[in-house]
Q: 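Please find one structure pasted underneath; my questions will follow.
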Amino acid sequence: MNRTDIIAERLANVPFAEIRKVAERATQLEAQGKKVIHFEIGRPDFDTPAHIKAAAVDALDRGFVHYPPNNGIPALREALAARLQTDKGLHYDPQTEILVTAGGQEALYLTFMSILNSGDEVLVPEICFGPFPLVVGLAGGVPVPVPLQADRQYAYDLAAAKRAVSPRTKAILVNSPHNPTGGVLSEAQLREVAAFAAEHDLLLILDDAYDQMIYEGEMISPAAFPGMRERTVICGTLSKTYAMTGWRIGYIAAMAPIVHAATKMQQNVLLSVCSFAQYGAVAGLNGPQDCVRSMMAEFNRRRGLVLELLRRAPGLELTSTPNGAFYVFPRITLPNFTSAQVAEYLLEDAGVAVVDGRAFGEAGNGHFRISYAVSYEDCREGLERIAAAMGRLAASTG
Ligand SMILES: Cc1ncc(COP(=O)(O)O)c(C=O)c1O
């Protein structure tokens, strides 16, 4: 074939995830016999709770092996609606206002494909989960990065957001708890951003991937604020809460026209989400929640250790204390080093895999992300190695 235009232009500027490259290099080092501490992986290290697995196996045994409904099995939509009600005081009709998706990632994709016309702009955090701007772009939209306030749990700088709004702005995306910083917005901050969305007549897209993973304080949804339900789209997932990243179960909760449009997309993208995985998800949502509490208690124990050791490490500082998810995003205070160089040094010299802050946007330069979804012992060893390596770097600069 002679053509040079085989691959669609829309993918020209879509890179592979940086995290994948780090993980591949870590695997090579391990193959050479080196022990690597894996702070790069953004997923709970726990096994999925046994009762969830048993429900999926049971569904298989009972013959639930055929196409499920495009919008998800009724039992799962009902379980999601019930949890939104009890956890956040939100009422969503399971028939028309909830769509089951293949994880939060597909929820985001279907949402943007359903709401954006070509050239529509979406305000996104300038430090964020890598796919946010890419998915907006794939849906024909234009991501507009907005600065965050590092000393305010990485809330949007709303004065900057105001300057970024144009007649084409259609939505603003909020992710709290926030990947990669662990920042959690207070009720007052959520009210500010909700008021901002209302003032500029924007949709508020909530990435709630870590909504159950808050250490101190309540889980509050801006969808519950007066007048906000009609302009909010919740993109949620069971991936992190129940250590189910491989199951690929997420959801959209929004007004019926949006869910209707996203269901049309779903019919043409995936048809429907894996049948028996959905039965497992029902057991997760309706069953006992002590598994979530014990995972969170362990994450909190690790968080305490990681913060304590990080504060003592030379050449690093934390602007906000992370209050959610399982991430910390220290800033490198040594002059003369980019975060790419530091991340590479930590992996090659100290055997600690972290993610360069630029994987989360250019504004992440000068930081790296640690995911403490590894054992307590590995947290300790990893942080000790980081502190020693940062000490060597500091000494090398005099
Ligand atoms: C902020 C955020 N949103 C969405 C996702 C996607 O999660 P999943 O597709 O597994 O539900 C992730 C995964 O790391 C994330 O960090």
Side-chain angles (χ1 to χ4, degrees), residues 16-20 22-23 38-46 48 52 72 76 80 83 99-113 122 124-136 138-139 143 145 148 153-154 156 171-185 204-214 219 233-253 262 266 269-270 273-274 277-278 280-281 284-285 292 299 322-329 355 357 359-361 364 369-373:
F16 271 110
E18 181 70 21
I19 297 169
R20 216 173 98 151
V22 178
H38 288 277
F39 283 154
E40 82 279 24
I41 308 173
R43 53 121 178 89
D45 52 317
F46 305 106
T48 304
I52 300 179
L76 181 50
L80 286 164
R83 287 301 300 273
L99 169 66
V100 176
T101 62
Q105 175 92 33
E106 201 214 9
L108 290 165
Y109 179 69
L110 298 182
T111 296
F112 289 123
M113 287 298 284
V122 180
V124 297
E126 76 173 357
I127 297 174
C128 68
F129 176 53
F132 287 165
L134 301 177
V135 173
V136 168
L138 286 171
L148 307 179
Q153 291 287 313
Y154 293 89
Y156 273 121
I172 181 167
L173 192 154
V174 168
N175 170 222
S176 169
H178 180 231
N179 179 5
T181 67
V184 177
L185 302 187
L204 177 64
I205 315 297
L206 296 180
D207 182 314
D208 273 355
Y210 302 94
D211 63 349
Q212 307 280 339
M213 311 192 93
I214 296 176
M219 176 186 1
V233 180
I234 300 175
C235 294
T237 177
L238 274 67
S239 283
K240 316 285 175 169
T241 310
Y242 299 102
M244 288 176 72
T245 50
W247 294 58
R248 314 306 305 132
I249 299 284
Y251 64 93
I252 295 173
Q266 181 70 301
V269 173
L270 201 71
V273 172
C274 172
Q278 293 192 57
L285 293 165
V292 180
F299 275 133
N323 185 28
F326 36 74
Y327 304 120
V328 280
F329 199 59
V355 184
F360 309 96
R369 188 188 77 174
I370 291 174
S371 164
Y372 48 89

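One-based numbering, in listed order, for ligands and for the atoms of each.
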Q: Measure from the ring center of Phe129 to the ring center of Tyr327 and say whether it is less than 6.0 Å.
A: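 So the answer is no for these two rings.
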Q: Any side-chain heavy atom of Tyr210 within less than 4.5 Å of one from Val184?
A: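 No, their side chains stay 4.5 Å or more apart.
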Q: Whether the side chain of Tyr154 engages the backbone of Gly183 through a donor-acceptor N/O pair (distance < 3.5 Å, no angle test) should be reported.
A: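 Not confirmed, Tyr154 side chain does not pair with Gly183 backbone.
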Q: Say whether, by atom type as modelled, one donor and one acceptor occur between the side chain of Thr241 and the main chain of Gln212 under 3.5 angstrom.
A: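 Side chain of Thr241 to backbone of Gln212, a donor-acceptor pair under 3.5 Å: no, none is there.
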Q: Which protein residues have a heavy atom under 4.0 Å from ligand 1?
A: Gly103, Gly104, Gln105, Phe129, Asn175, Asn179, Asp207, Ala209, Tyr210, Thr237, Ser239, Lys240, Arg248
Q: Given side chains that start at C-beta, do those of Leu80 and Val100 come closer than 4.5 Å, heavy atoms only?
A: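 A side-chain contact under 4.5 Å exists here.
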Q: As a test of understanding, state which of Ser371, Pro322, Pro180 forms a side chain to side chain contact (heavy atoms under 4.5 Å, CB included) with Val328.
A: Pro322
